[in-house]
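First the proteins, then the strands, lettered A, B, ... as listed; each starts at 1.
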Number of protein chains: 2
Amino acid sequence: MNLRLKRMAKPTRQYHHGNLRSALIEAAIPLLEAQGPGALSLREVAKAAGVSHAAPYRHFADKTALLEEIAARGYDTLTQACHKAQKRYVDDPAQQLVEAGIGYLLFVVEQPRVAHLMFGGMIALDACGEVLQQSSATAFKSLVDIVDGGVKAGVFRTAPAQELTLAAWSMVHGLANLIASGMLTGIADNRREVRRLGRQLAETLLHGMLANDKRT
Amino acid sequence: MNLRLKRMAKPTRQYHHGNLRSALIEAAIPLLEAQGPGALSLREVAKAAGVSHAAPYRHFADKTALLEEIAARGYDTLTQACHKAQKRYVDDPAQQLVEAGIGYLLFVVEQPRVAHLMFGGMIALDACGEVLQQSSATAFKSLVDIVDGGVKAGVFRTAPAQELTLAAWSMVHGLANLIASGMLTGIADNRREVRRLGRQLAETLLHGMLANDKRT
DNA sequence: AGCCAATGTTGACAATGACAACTTAGAGGA
DNA sequence: TCCTCTAAGTTGTCATTGTCAACATTGGCT
């Protein structure tokens with residue numbers, strides 16, 4: 001009884017947190033976005049979550065493990081963006097591609113530091129855990145699916161298997177990185193501008209750079 | 001005379017190193033490529049250069065300052081790749097673009113960790129020093145020049161000022177990042193494969209993704 | 001010859017990642 | 001109902017690291 005009272009009175013002060021794992025991740029993201037991945041300290045995350053400095057080690061083997069988890073969640077978001085685009089524009093692969101790309105970009109604008117975590121190599125590529133590898137592979141695959149659909153529907157030109165996918169992925173990934181790195185400050189600051197940019201580049205990607213009279 | 005003898009006898013043991021600044025940078029790059037940017041310690045770099053742990057502070061205000069310098073040199077390399085391509089294929093903007101892009105990619109394959117430093121946001125975007133900002137802007141500008149040349153020559157289609165440049169930059173930058181992140185392991189492992197990939201994507205960039213009968 | 005400013009060195013401190021030893025509490029069996 | 005076992009948190013500690021301050025060295029300039 002006494003226990004229950006205590007629990008109701010100050011639920012945040014329980015010895016056992018409940019689901020510290022998620023709490024740590026959610027505490028970490030704002031800090032990450034505020035100070036950048038290099039400056040993020042595990043102890044600070046612990047403090048933000050209201051636990052002692054060593055508590056995280058009960059849930060993450062490593063500082064890297066926490067970061068990997070955050071990155072993996074980022075990839076999951078991208079995967080979902082692809083799926084959403086596919087469902088929304090059935091039978092219009094070009095539009096699917098544009099929408100998925102824009103989803104990709106919007107995510108990066110809102111969580112640039114998380115994006116850096118995903119793409120920036122802070123996490124050793126070779127040594128990255130299975131979770132991350134799985135998530136990133138899945139994200140890639142959902143983009144491949146869209147492009148594949150377009151090729152099979154005859155909307156995209158026929159080309160060596162991955163060629164088109166890689167081109168599409170490279171472009172959206174590149175633009176995302178440029179935005180996340182702040183190289184496009186002034187051009188892509190808010191969601192509206194990013195949408196416009198995304199559509200613009202998609203146009204170029206679909207129709208090419210060459211002048212009409214120079215096309216083969 | 002005595003001095004000269006001493007200098008010849010043990011040149012590495014001089015109290016004054018001579019040009020420690022460069023030596024530190026050159027010592028840092030292999031370490032960086034070996035262990036990744038996160039694991040790089042300034043003390044380790046100092047030891048590799050044969051000086052004490054605080055010596056670097058006579059040449060770099062900060063650990064970040066050293067990293068920025070390395071990144072800046074990377075951008076300079078990219079700039080040179082652009083210029084080289086322009087000189088080599090005068091009057092063929094498309095080929096200039098392809099060559100510059102391949103140069104970009106080759107650099108990234110050989111120094112992926114340096115590339116991460118340049119693109120990955122380890123260095124705070126807003127707080128990055130002038131040197132870095134200057135170098136990256138210059139690199140961008142040399143790419144813009146190539147595309148501009150193509151537009152003016154009527155080879156590329158006319159489009160809002162930066163649109164084409166941004167598309168080209170995004171694609172090459174994206175592919176470079178994918179390679180550097182190790183996401184294309186097995187597809188782009190050596191220079192030859194990277195060249196092939198670069199040419200392939202350039203093809204798609206120039207001609208577009210759409211099937212012939214779908215073009216406007 | 002002698003001074004001085006640039007360049008290196010040693011020593012110290014706080015922050016951090018990581019581990020070990022100890023504590024708590026809540027779930028499930030006797 | 002009570003007991004115990006273990007997952008989850010805590011405190012303490014250590015090595016590493018970035019950074020600064022105080023001291024040492026030396027080569028060039030007067």
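Every residue two or more places apart in sequence or in another chain that forms a side-chain contact (heavy atoms from CB on, under 4.5 Å) with His59(A) is listed here: Leu20(A), Arg21(A). Qualifying side-chain contact (heavy atoms from CB on, under 4.5 Å) partners for Ser135(B), counting only residues two or more places apart in sequence or in other chains: Ala72(B), Tyr75(B), Asp76(B). With sequence neighbours excluded, the residues forming a side chain to side chain donor-acceptor pair (under 3.5 Å) with Glu44(A) are Gln35(A), listed by chain and number.
For residues 192-201 of chain B, no pair satisfies side chain to side chain donor-acceptor pair (under 3.5 Å), with sequence neighbours left out.
Contacts between residues 56-63 of chain A and DNA chain D, defined by a heavy-atom separation under 4.0 Å, are made by Arg58(A), His59(A). The stretch residues 38-46 of chain A touches DNA chain C through Leu40(A), Ser41(A), Leu42(A), Arg43(A), each having a heavy atom under 4.0 angstrom from the strand.
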Begin from the C-alpha positions of Leu201(A) and Ser170(B) and carry the test side-chain contact (heavy atoms from CB on, under 4.5 Å) through to its verdict.
CA-CA 9 Å; Leu201(A) 285 228; Ser170(B) 290; 3.6 Å; yes
Phe156(B) vs Leu206(B), test: side-chain contact (heavy atoms from CB on, under 4.5 Å). Steps then yes/no.
CA-CA 8 Å; Phe156(B) 301 149; Leu206(B) 291 172; 3.9 Å; yes
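At whole-Å resolution of the value, CZ in Arg21(B) and P in dG8(C) are 12 Å apart. Rounded to whole angstrom, the span from the CG atom of Leu66(B) across to the P atom of dT19(D) amounts to 11 Å. Rounded to whole Å, the distance from NZ on Lys47(B) to C1' on dT9(C) is 15 Å.
For the pair Gln96(B) (side chain) and Ala85(B) (backbone), a donor-acceptor distance under 3.5 Å is absent.
Side-chain N/O atoms of His53(B) and base N/O atoms of dG11(C) include a donor-acceptor pair closer than 3.5 Å.
Across Leu132(B) and Ala71(B), no two heavy atoms sit closer than the pair CD1-CB, 3.8 Å.
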